[in-house]
Amino acid sequence: AFGRGSARDADLEALEEVLIEGDVGVRATQDLLAGLRGLPAEQRNAAGMTRALRSRMRALLADVPPETASLPKTPWVVLVVGVNGVGKTTTIGKLAARHRAAGRSVLLVAGDTFRAAAIEQLGVWAERADCQIVKQGPGSDPSSVVFDGMSAAVARGVDVVLIDTAGRLHTKVNLMEELKKVRRVVDRVLPGAPHEVLLVVDATTGQNAVSQARTFAGAVDVTGVILTKLDGSARGGVVVAISHELGLPVRYVGVGESVADLQPFDPDAYVDALLA
Amino acid sequence: SLSDKLEGVFRRIRGTGKLTEANIEEAMRDVRMALLEADVHFQVTKSFIEKVRERALGQEVLRALSPEQHLIKIVHEELVGVMGGAAGKLELSGDVPAVIMLVGLQGSGKTTTAAKLAKHLLDARKRRPYLVPLDLSRPAAIQQLKTLAAQVGEGCGVYDTPDQGGNPVQIARDAVTKARNAGFETVILDTAGRLAIDEKLMGELRSVRDAVKPRQTIFVADAMTGQDAVAVAKGFRDGVGIDGVVLSKMEGDARGGAALSIYATVQKPLLFVGVGEKLDALEIFHPDRVASRILG
Ligand SMILES: Nc1nc2c(ncn2[C@@H]2O[C@H](COP(=O)(O)OP(=O)(O)OP(=O)(O)O)[C@@H](O)[C@H]2O)c(=O)[nH]1
Ligand SMILES: Nc1nc2c(ncn2[C@@H]2O[C@H](COP(=O)(O)OP(=O)(O)OP(=O)(O)O)[C@@H](O)[C@H]2O)c(=O)[nH]1
Ligand SMILES: [Mg+2]
Ligand SMILES: [Mg+2]
């Protein structure tokens, strides 16, 4: 893609491969590398270009606001959404434990009423994180469970509500409508809620993650992203486009299947790992 | 779309005179971009473009009346040619029960696919399936498969994996014995999701394989997988061995380049695609459909 010949072109090609193979995507890669063309001669080597690339990438990733000691509002309501199998339920368990460790009371809402054993799965996490759970039988209306959960949270004065939803492909209009209804129900019980809408994205996902983010954001006003399964070989480079094109900051990363395997997003460490 | 891009390339070319190697090179860049945007792996794309370039530089494009149509035709043919080699039937001949072991990354769709396969075997191939929950770590995973087994219905059995204790090797052995004694034709082992780079868990998978000698080890991968498809496919291929592939969640709008990346890496049949969450949402893999989708 850069012609043949000069050492600088070989370096650019090597960087292009690193970015593409990290799932940064063709367009974002081209923009990032185009920015290197203006480098002065003495910086046009592998080390200089990597350094310049690192700072350009870092600039595309939104800064992560530090976790505050106290919640801006209570109950603080978090709605967790995303396509099938990305790690929503597991991530809720991890988030619950984090809030519990900070001394807060937590209530989980079993909003996935469709998938086999989804409610039981969240129930195990409620036990592990020592928190309350509101659920109904399988096949019940998700909006009804969410209404119950929100009402209970307000009545009991819990600090944090984490709402689990069923995985759904963003292309399924009826399922996206169902999600919009869930969000409306939350706001109806507690105006202004949900205070966070977190889109869970699997680090192994390719460019489809951008389309997922765009559609979910359009439907339910996503406020942030959680990138899971970063303990694998995938780099989740799609978050560069998601952060830059859609303005969605990455808040946390999932790095394993146990309750402690959740870390606040560190953009510098992230870029280093991607360019390694 | 790729055809629009190539049309633009060739319109410019025709304005300047006859087709040359340099012109074809510009078109190759557009084809390359289309494949990368469809999530086909960087290196797999490179090899594929080399094959296409060879044919494109042949007289068939350089003289063609509509070079962009001709080039699209070559790319599509090459893609279908590669993917076409990938279509295959699930072979279950030999010892009874035939054991199928499903493997793959976390969340790729193994448990759901296990139940779908059971339903397919029962309905389409008159083979009674015996489902075996072997995921002892994920919360409520055993319950998930037991619930799905009940949904598959009459004729489908499920091993009563205990909620606590036991290990996958001993459970797999006991399950195959029970299935054989009860006359089931097929055993389907649903394993826990794991990273291909997890040495310990890949070792566990090998132990299960050695204990029950599956007729088919099927790699279940998510259709939206990006560049990591090659590393993961390699990991499972070299770590436990892959006899066939199922691509899940294909009914979405992911371009599905992972199909090409995985096939190029494992060279084993792409048996089925998952096209939904319900148990009847399993289809035979169609190479021409996947090729058209990758090209966009
Ligand atoms: N290695 C790894 N596995 C993870 C991570 N997060 C979740 N998982 C695993 O991914 C699989 C799916 O997780 P779930 O929490 O069920 O995903 P989900 O989005 O709720 O799935 P659905 O509700 O079916 O859409 C499980 O096996 C989890 O243990 C992570 O950060 N790293
Ligand atoms: N839309 C869609 N969803 C699917 C398909 N196949 C599976 N799923 C969903 O993907 C999610 C994950 O499926 P599972 O069967 O739990 O995946 P798994 O590989 O067993 O997950 P682990 O055991 O945690 O590794 C669930 O929400 C399934 O309903 C499919 O073909 N299409
Ligand atoms: Mg879930
Ligand atoms: Mg499973």
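Every chain is numbered from 1, with letters handed out A, B, ... down the list of sequences.
In this structure, Asn208(A) CG and Asp253(B) CG are separated by 5.0 Å, a value rounded to the nearest 0.5 Å. Interatomic distance, Asn84(A) CG to Asp222(B) CG, rounded to the nearest 0.5 Å: 8.5 Å. Atoms NZ and CG, on Lys229(A) and Leu195(B) in that order, are 9.5 Å from each other to the nearest 0.5 Å. Interatomic distance, Leu36(B) CG to Thr29(A) OG1, rounded to the nearest 0.5 Å: 9.0 Å. Rounded to the nearest 0.5 Å, atoms CG (Asp202(A)) and CD (Gln106(B)) are 9.0 Å apart. Distance check: Thr205(A) OG1 to Lys249(B) NZ gives 8.0 Å after rounding to the nearest 0.5 Å.
Val238(A) does not touch chain B: none of its heavy atoms, backbone or side chain, sits under 4.5 Å away. In this structure, the portion of Glu257(A) lying under 4.5 Å from any heavy atom of chain B is its side chain and not its backbone. Of the atoms belonging to Thr111(B), not a single heavy atom falls under 4.5 Å from chain A. For Arg138(B), the part lying under 4.5 angstrom from a heavy atom of chain A is the side chain only. Neither the backbone nor the side chain of Ile142(B) comes within contact range of chain A, judged by heavy atoms closer than 4.5 Å. When heavy atoms are compared at a cutoff of 4.5 Å, Ala231(B) approaches chain A solely by way of its side chain, counted from C-beta outward. Neither the backbone nor the side chain of Arg235(A) comes within contact range of chain B, judged by heavy atoms closer than 4.5 Å.
In terms of heavy atoms, Arg27(A) sits closest to Glu37(B) at NH2-OE2, 2.8 Å. Closest heavy-atom contact between Gly226(B) and Asp23(A): CA-OD1, 3.5 Å. Between Ile197(B) and Ser233(A), the shortest heavy-atom contact is CD1-N, 4.1 Å.
With sequence neighbours left out, the side-chain contact (heavy atoms from CB on, under 4.5 Å) criterion links Ser108(B) to Lys110(B), Val220(B).
Judged by distance alone, the side chain of Asp228(B) and the main-chain N or O of Thr204(A) form no donor-acceptor pair under 3.5 Å. Remark: side-chain polar atoms of Asp39(B) are paired, donor with acceptor, to backbone N or O of Gln207(A) under 3.5 angstrom.
Between Glu120(A) and Gln144(B), the side chains place no donor N or O within less than 3.5 Å of an acceptor N or O (distance only, hydrogens not considered).
By number of non-hydrogen pairs under 4.5 angstrom with chain A, the leading residue of Gly107(B), Pro139(B), Ala229(B) is Pro139(B). Between chain A and the options Ala115(B), Ala258(B), Gly252(B), Ala254(B), heavy-atom pairs under 4.5 Å are most frequent for Ala254(B).
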request  = In sequence, state the C-alpha distance, the side-chain angles, and the governing distance for Glu17(A) and Gln43(B), and then conclude on side-chain hydrogen bond (donor to acceptor under 3.5 Å, both in side chains).
outcome  = CA-CA 9 Å; Glu17(A) 182 164 1; Gln43(B) 292 297 343; 2.6 Å; yes

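Other residues, nucleotides and ligands contribute only 12 or fewer heavy atoms inside 6.0 Å of the CZ atom of Arg289(B). Atom CD of Gln151(B) has more than 12 neighbouring heavy atoms from other residues, nucleotides or ligands inside a 6.0 Å radius.
By the 4.0 Å N-to-carboxylate-O rule, Glu277(B) lies too far from Arg168(A) to be salt-bridged with it. Salt bridge status for Glu13(A) with Lys46(B): absent, with no side-chain N to carboxylate O gap under 4.0 Å.
Within residues 170-182 of chain A, the residues having any heavy atom closer than 4.5 Å to a heavy atom of chain B are His170(A), Thr171(A), Lys172(A), listed by residue number.
Side-chain contact between Val83(A) and Met224(B): present, with at least one pair of heavy atoms (C-beta onward) separated by less than 4.5 Å.
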